[in-house]
Protein chains: 2
Amino acid sequence: MAKIKSNRNSTRKEVIITEAAKLFREKGFSATSMRDLAEHVGVEAASLYNHISSKAEILQEICFKVANLFMTHIEEVDNSPVSAIAKIEAILRFHIRQMIEHYEEVYVSDREWKHLTEPYMQNMQSQRRAYRQRIASIIDVGIRKGEIKDIDAPTAVLIMLHAVSGIESWHRSTRKIEGHVLEDNMVMILVEGLKK
Amino acid sequence: MAKIKSNRNSTRKEVIITEAAKLFREKGFSATSMRDLAEHVGVEAASLYNHISSKAEILQEICFKVANLFMTHIEEVDNSPVSAIAKIEAILRFHIRQMIEHYEEVYVSDREWKHLTEPYMQNMQSQRRAYRQRIASIIDVGIRKGEIKDIDAPTAVLIMLHAVSGIESWHRSTRKIEGHVLEDNMVMILVEGLKK
DNA sequence: ATAAAACACTAACAGCTGTTAGCGAAAATA
DNA sequence: TATTTTCGCTAACAGCTGTTAGTGTTTTAT
């Protein structure tokens, strides 16, 4: 029957993954069936396997794409010659923007990575740990330099990262403020909360 | 075979629900099967139905128990004659303590309520909206009285509530700081971030 | 001790799960 | 135009899903 999408800008595989991200976000990975996904793509379930090799692979692609994005960015920020608090602000703003612009995939990566199969799940777990550890180190430097309050750095990281995932509510809200206003508000509360 | 637990303090139904909360937290509602749950309870799957009427009912009990707890508490706090910032701090501390002490059920309620069946899901959705709205109103009062920065109240609520759910990472962490230290750190960052 | 209630068991159900095989049509390449 | 590759289809699989019926045993109440 009809082939997948008239795709000028994206491969059929990308179409599938994008649609999957939407469904995984709405209903969760486990509650989304391949027949479900197929229907939204406009194809029979079996046809999906001409483009992807398994349901698990879809989740892997989503999770690692997002993880790489953040890993690359933090590397860049951390190597720049600015204050600790400026680094934290840059990281926070990046998280917020990604969460606003690439909502589905970022959110899925954050909430559903536990459903990865081995060895991907272990891998992701270490990446996440390393990422948080890296932010904590920046905060610790900030504390030693007197830029940041004397707080427990891991706790600050935990607050920052989880606060960002609250942007989900913003997305589902009917009367949303504008994205950049949201961003500035979040930065104001969180970064001010850290400053000495 | 063996009956469920030697239960002096809790009914068999409560044992099942407690065990279910653990599994739902680890693997999610959809990825937890009744046979899975039965095994952890030490019984055959069919036997569970002598105590509960469906898998859906288990989730309902967890979600509404938690929702009632927070609804009752906010009522109490909001009727007390203290400053807006003190109310916010009280609500935040309550969230943190509940998340520390009743981790599994609070977390499941927060993450898995979307899997409730109708009309429970609609009901829960309104309760959650009302709850957030109520906190936002307290913040707005605080802003008008000059206690709190001029920020977007719904954004502040979103940050507060989601930050708390980050306590999940704390629970799974190997080197945890003590509960009350965690609490004070979170309050320091978040409440100071709000203050004018 | 006897009757009643609570409850765990086995067996089975209908429906859904991810996935594969094989076939034919469409699209791309030569 | 002829050939090869791409890809959607139907049919089917084995295993798992929540749940019910019916039976027998253990615990509780009389």
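To find a chain, count down the sequence lines: A is the first, B the second, and so on, and within it residues start at 1.
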Taking A:Asn185 for the side chain and B:Asp152 for the main chain, is one N or O donor matched with an acceptor at less than 3.5 Å?
-> yes
Within residues 20-28 of chain B, the residues having a heavy atom closer than 4.0 Å to DNA chain D are none
Once base and sugar-phosphate atoms are separated, protein heavy atoms under 4.0 Å mark nucleotides 17-22 of chain D, 5' to 3', with B, S and - as BBBB--
In whole angstroms, the gap separating C1' of D:dT5 from CZ of A:Arg12 amounts to 12 Å
Taking the ring centre of each residue, are B:Phe24 and B:Tyr107 less than 6.0 Å apart?
no
Can you check whether B:His51 has a side-chain N or O nearer than 4.0 Å to OP1 or OP2 of C:dA8?
-> yes
Do B:Phe29 and B:Val108 make a side-chain contact, defined as non-hydrogen atoms from C-beta onward lying under 4.5 Å apart? no
| message | We want to know whether B:His180 and B:Glu183 form a side-chain donor-acceptor pair, criterion being a heavy-atom distance below 3.5 angstrom. | response | no
Between B:Ser47 and C:dC9, does any side-chain N or O lie under 4.0 Å from OP1 or OP2?
yes
From CD of A:Glu39 across to P of D:dC9 the rounded distance in Å is 12 Å
Minimal heavy-atom distance between B:Ala21 and B:Glu105, with the atoms involved, is CB-CG, 4.0 Å
| field | Donor on one side chain, acceptor on other, A:Glu168 and A:His171, under 3.5 Å | value | no
ring-ring contact (aromatic ring centres under 6.0 Å, His included) filter on B:His40, not counting sequence neighbours, yields none
Determine whether a donor-acceptor pair (N or O, by modelled atom type, separation under 3.5 Å) exists between the side chain of A:Ser126 and the backbone of A:Gln122. yes
